[in-house]
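Proteins get letters first, then strands, A, B, ... in listed order; numbering begins at 1 in each. These values consider heavy atoms only, across backbone and side chains, with no hydrogens, waters or symmetry-generated copies.
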Protein chains: 2
Amino acid sequence: MDLSHQIGMQFESREEVRRAGLHKHSMAGIGYDSDGNAESIVISGGYKDDLDEGDVIIYTGQGGQSRDGGSTQVKDQVLERGNRALVNAALNQIPIRVIRGARGDKRFSPQTGYRYDGLFMVSKHWFEKSKDGPLVVRFELRKIDESFYEVALENFSETTIGETPVGSINPVRKLSNPIDRIKRDPTVVKWVKALYGNQCQICQTTLRTPTTSYSQGAHIRGLGTPHNGADTTSNMLCLCANCHILFDFGAIYIDSDTFEVHNVVEKSKSTLILNDNHKLDIEAINYHKLHYAGIQ
Amino acid sequence: MDLSHQIGMQFESREEVRRAGLHKHSMAGIGYDSDGNAESIVISGGYKDDLDEGDVIIYTGQGGQSRDGGSTQVKDQVLERGNRALVNAALNQIPIRVIRGARGDKRFSPQTGYRYDGLFMVSKHWFEKSKDGPLVVRFELRKIDESFYEVALENFSETTIGETPVGSINPVRKLSNPIDRIKRDPTVVKWVKALYGNQCQICQTTLRTPTTSYSQGAHIRGLGTPHNGADTTSNMLCLCANCHILFDFGAIYIDSDTFEVHNVVEKSKSTLILNDNHKLDIEAINYHKLHYAGIQ
């Protein structure tokens, strides 16, 4: 079933949306496949903190609200069910369908019922304190250009190992839309990488290529919205590519008192390699622990 | 010394170019700093296989030619000196200055003398057989938008660990130029990653985030020019981010007879994890060994 021709189509009810194959639930806002990757979301003004800018949506995760029908946040949201599925879609770069309902932002929502608005990529997620205190998870979604993909992405759901996908012998080249980027100072990352000789401050790996050694400069508190971190050496670690991913996705955080590295998935601890000339920004480290790892 | 205002400036001789601080040699085509990263190249029609398309340049590496003043390739080019420096600039994402001479492509070269044409990024490099037989290294350079950087990149040379760079507390956001991308089939990468449960086929690492495990689908023979590989499961490996970099930069190749993984830097061998349902493209494996690792 190719759903791409249905972009812009209107529906009177959630049930109609469900029957069209666009969103599998009649109530829940986040739909996901059996691999645990999000497929679709419905935005209809349920969370007052959601933000709709048309091509960019800030969407609040599910869970932890009081059961009295109100919207008081009584418990931390966690990365389970729909929230986990949205994080996985971000990590695996899997686009999701967005359906807008009439109760959303007037500028971008249908006047009545629901409308299918095409595919978005989950570009970021982070934890933040709700007004009530407990943590909520927030997701940034960005509209994508569907013409980049060879297949109808709406059908890109459960994996079947048995069937090998055909792919493409001559994939087509195409010019993408401009991408939002942050200006940065290349001397900052160069300095940090040189200070550690490209050795990962977390796992001590030094990747060696035929011509040099290699590492990445990882911002502790990310540049740009929502984190607005600084592009400075005190907000940067020298990491291997693997630890960079684990750090950005909150598998790893640093204790700002002891500089111990905590892996929350493996439940293990190690010590951060830290050069005396490298003064780390304690606030940035605590910011990362709260907003990336979701630990208050 | 900020050289950015000199873009488009003309010079009568290589010596003038040198005195302006744009290129440190009077003869050699590739200039590099003491860290071994390329700083600048001069293009002036020296290699008949060079290709100048204005914003994209294909540049041939140095070495291995006969000493009789001719341009017969008598030995394989290797990743040393200037060639090594251009690879390092690619790996470290360091832009280089391009100076064009009058003997280059008429469409983009000055009528006489030399002209400074701004900054380019080394976007790719690969080995290929010269007409004479031995291997040459070729580099793809792409013009970059200098406004992405906070500092004058021309000054971005030797690292001084002693001085901490200032960086930027509020780095600026900006829209980049459109990027050339290859359309791909997301089911291909999803299938390969699922087949191995996100375990790296080379080092057996499985990266675990709080919500899932993570790997990357690595094309053996790259998509797009110059390799024009297929977007198919037989041209893809499931790798961790670290092994993906080592594979793409030719530190690792696979023996297509034994499926042994050779690390040419560590001079070590291991066995590729290979699922019976995953038929690899032998030609692609041999292509990678020749064009990425430079081994005939």
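For A:Q296, the CD atom counts as densely surrounded, since its 6.0 Å shell holds more than 12 non-hydrogen atoms of other residues, nucleotides or ligands.
Using a 4.5 Å cut-off between heavy atoms, A:Q216 touches chain B through its side chain atoms alone. In this structure, the portion of A:K193 lying under 4.5 Å from any heavy atom of chain B is its side chain and not its backbone.
Among all heavy-atom pairs drawn from B:G250 and A:P210, the shortest one is O-CG, 3.6 Å. Of all heavy-atom pairs between B:L246 and A:R208, the closest is CD2-O, 3.3 Å.
Under the side-chain contact (heavy atoms from CB on, under 4.5 Å) test applied with B:T212, the options A:N37, A:D35, A:L91 reduce to a single match, A:L91.
Contact count against chain A (heavy-atom pairs under 4.5 Å) is highest for B:L207 among B:L207, B:I245, B:N92, B:N83. The candidate from A:T209, A:N235, A:V265, A:N242 with the greatest count of non-hydrogen atom pairs under 4.5 Å with chain B is A:N242. Ranked by heavy-atom pairs under 4.5 Å with chain A, the first of B:V192, B:V264, B:V87, B:T205 is B:V87.
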side-chain contact (heavy atoms from CB on, under 4.5 Å) assessment of A:T211 paired with B:E80: CA-CA 8 Å; A:T211 61; B:E80 286 173 6; over 6 Å; no
